[in-house]
2 protein chains.
Amino acid sequence: MKGRLDDLIEIIRPVASLDELSQSIARLRDLLDIDHIVYHAVNASGGQFAALTYPDPWVTEYLDRGYQRTDPVVRGCMQTFHPVDWKTLDWSSRGARDFLGEAMAAGVGNQGVSVPIRGPGGQFALFTANHRCDDDTWARYSGTHLSRLILLAHFVHQKALEVQAGAPPPLARLSPRETDALTLLARGKSRAQAADELVISEHTLRVYIEAARDKLGALNTTHAVACALHGGLIVI
Amino acid sequence: MKGRLDDLIEIIRPVASLDELSQSIARLRDLLDIDHIVYHAVNASGGQFAALTYPDPWVTEYLDRGYQRTDPVVRGCMQTFHPVDWKTLDWSSRGARDFLGEAMAAGVGNQGVSVPIRGPGGQFALFTANHRCDDDTWARYSGTHLSRLILLAHFVHQKALEVQAGAPPPLARLSPRETDALTLLARGKSRAQAADELVISEHTLRVYIEAARDKLGALNTTHAVACALHGGLIVI
DNA sequence: GGCGCCCTCGCTATTTTTGGGGACTTGTTT
DNA sequence: AAACAAGTCCCCAAAAATAGCGAGGGCGCC
């Protein structure tokens with residue numbers, strides 16, 4: 001085993017830009033002794049960022065054709081907590097088979113393990129180890145490397161967040177009653193029901209909602225609930 | 001260092017029930033050589049599960065008083081991806097200070113690191129290492145143990161999911177248009193604006209919203225947006 | 001003692017959303 | 001070939017949310 005865990009993490013630690021992150025991903029790939037590594041984040045604003053070692057033509061095609069909607073790896077990882085071996089995914093649909101064929105043809109390995117990564121506000125990213133080999137070899141490899149893949153996924157994502165230009169948006173603070181109000185609305189209560197539950201008049205409740213809306217700079221109640229949820233201000 | 005990582009994971013691996021998980025948490029605590037470990041999951045249905053080593057009276061008080069709403073650790077972890085050292089949290093509000101005082105009095109250590117854990121469908125859990133010692137000692141400890149805490153958090157959560165009787169709540173799938181519709185609403189657009197943006201009639205948009213509401217079992221649009229956001233089906 | 005924030009309540013009018021119908025086309029799956 | 005899901009459009013009436021005006025008491029901070 002070429003790379004000790006600490007060495008691997010040490011590759012990520014000093015990274016200071018997204019470019020450097022891409023280079024570090026390539027070095028990780030070498031140390032882990034596999035064909036490809038992919039870090040692919042879908043950030044909150046809908047933009048994407050990826051640092052990966054796949055051949056450029058495949059990346060271009062993937063993006064152009066909007067394959068993230070079809071990709072069984074993405075879909076599978078969205079639904080699970082634990083890392084996913086590609087073999088356990090559902091490749092039966094026609095779209096998935098076509099996709100797989102094209103990926104193989106483009107130089108992507110037949111074996112893979114993808115680690116789903118989730119952050120606050122619906123952040124979602126994937127960290128994938130990809131290789132071309134037979135099933136047994138891959139089973140041995142992924143068995144012994146799972147822990148470090150999980151950790152690398154964590155640190156790579158953290159670094160990506162860190163070096164991303166985005167300033168941490170200053171989050172407004174809601175008063176207890178405002179929190180209560182938005183929480184109940186987020187749980188599907190109507191204003192009347194929520195007021196009832198909080199044992200206040202509907203009008204008072206309205207005041208809270210409006211205050212919360214103002215504080216959050218939201219355009220309407222639904223938006224306010226979305227913002228509050230997004231910012232971890234309320235819990236369903 | 002008493003516990004090698006593999007030994008620690010080996011404690012979790014054979015666990016087959018929630019009770020055993022609680023016992024394993026206590027063994028982990030011993031091997032990690034700290035005062036307390038807390039695994040605390042808030043599942044999507046609002047229920048809670050915890051496996052922890054805090055004194056019972058404190059647990060009871062925490063639950064009775066609904067402290068998860070006040071607890072700065074919970075609030076802080078909800079908003080961040082990376083593990084949180086308790087010292088970096090905001091303890092300035094009066095509620096937070098009172099809470100801290102009571103926790104200390106009840107036998108909780110003054111130092112802590114909490115690892116947020118997120119899964120699909122808005123799963124959220126915390127894995128906390130807690131200890132009573134001075135700042136320097138803790139800084140050394142948490143520095144060297146961070147990686148294993150992250151991994152333990154991962155494996156403990158995975159095990160908790162695995163042994164939990166509850167069937168994994170099947171999350172409805174939204175069609176692309178339904179996703180678009182809810183996304184725009186979550187961003188504060190009115191139906192008219194959203195329809196405009198998607199270049200469809202408002203009536204059509206309404207059909208999507210209603211379909212999404214039905215699929216998600218939501219009581220109204222705000223609820224549907226909250227559910228979708230919570231379940232990671234849409235991203236603001 | 002004043003300033004600001006939080007909690008509480010009332011009224012009216014307008015705009016928006018929701019819920020109930022139905023109908024057509026284009027795909028994919030079986 | 002039939003079934004199904006998805007996308008698109010329409011009308012109408014009832015319910016809910018929004019916007020505007022107002023008022024008073026309590027608490028903490030400088």
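Convention: sequence-line order gives letters A, B, ...; per-chain numbering from 1.
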Q.
Base, sugar-phosphate or nothing for A:Ser190? Non-hydrogen atoms, less than 4.0 Å.
A. sugar-phosphate

Q. Under 4.0 angstrom, heavy atoms only, what part of the nucleic acid is B:Thr204 near: base, sugar-phosphate, or nothing?
A.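 B:Thr204: base contact, heavy atoms under 4.0 Å.
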
Is it the case that [N] (base atoms only) and [X] (side chain only) share a donor and an acceptor within less than 3.5 Å, ignoring hydrogens and angles?
X        : N      : answer
B:Arg213 : C:dG19 : no
B:Arg206 : C:dG20 : yes
A:His203 : C:dC11 : yes

Gap between atoms [atom1] and [atom2], on [X] and [N] respectively (whole Å):
X        : N      : atom1 : atom2 : answer
A:Asn220 : D:dA16 : CG    : P     : 18 Å
A:Leu185 : D:dA16 : CG    : P     : 14 Å
A:Glu178 : C:dC5  : CD    : C1'   : 10 Å
B:Asp180 : D:dA6  : CG    : C1'   : 13 Å
B:Arg177 : D:dA6  : CZ    : P     : 14 Å
A:His223 : C:dT17 : NE2   : C1'   : 18 Å
A:Ile209 : C:dC9  : CD1   : P     : 14 Å
B:Glu202 : D:dC10 : CD    : C1'   : 13 Å

Q.
Tell me whether the rings of A:Trp91 and A:Trp86 are parallel (<30°), tilted (30 to 60°) or perpendicular (>60°).
A.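 Rings of A:Trp91 and A:Trp86: tilted, 30 to 60°.
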
**Q.** Check: A:Phe99 ring centre within less than 6.0 Å of A:Trp58 ring centre
**A.**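 Aromatic pair counts; centres sit under 6.0 Å.
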
Q.
Under 6.0 Å between ring centres: does that hold for A:Phe81 and B:His154?
A.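 Between A:Phe81 and B:His154, the centre distance is under 6.0 Å.
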
Q: Between B:Val207 and B:Thr221, name the one whose nearest nucleotide on DNA chain C is closer to the 5' end.
A: B:Thr221

**Q.** Whichever of A:Leu205 and A:Lys215 has its nearest DNA chain C nucleotide further upstream toward 5'
**A.** A:Lys215

Q | Donor-acceptor pair, side chain of B:Arg118 and main chain of B:Met78, under 3.5 angstrom | A | yes

Q) Okay, side chain of B:Thr204, backbone of B:Ile200: is any donor-acceptor separation there less than 3.5 Å? A)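 Here the side-chain-to-backbone pair does not exist.
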
Q | Selection from C:dC9, D:dA6, C:dC7 that lies nearest to any side-chain heavy atom of B:Ser175 | A |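 Ranking C:dC9, D:dA6, C:dC7 by closest atom to the B:Ser175 side chain puts D:dA6 first.
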
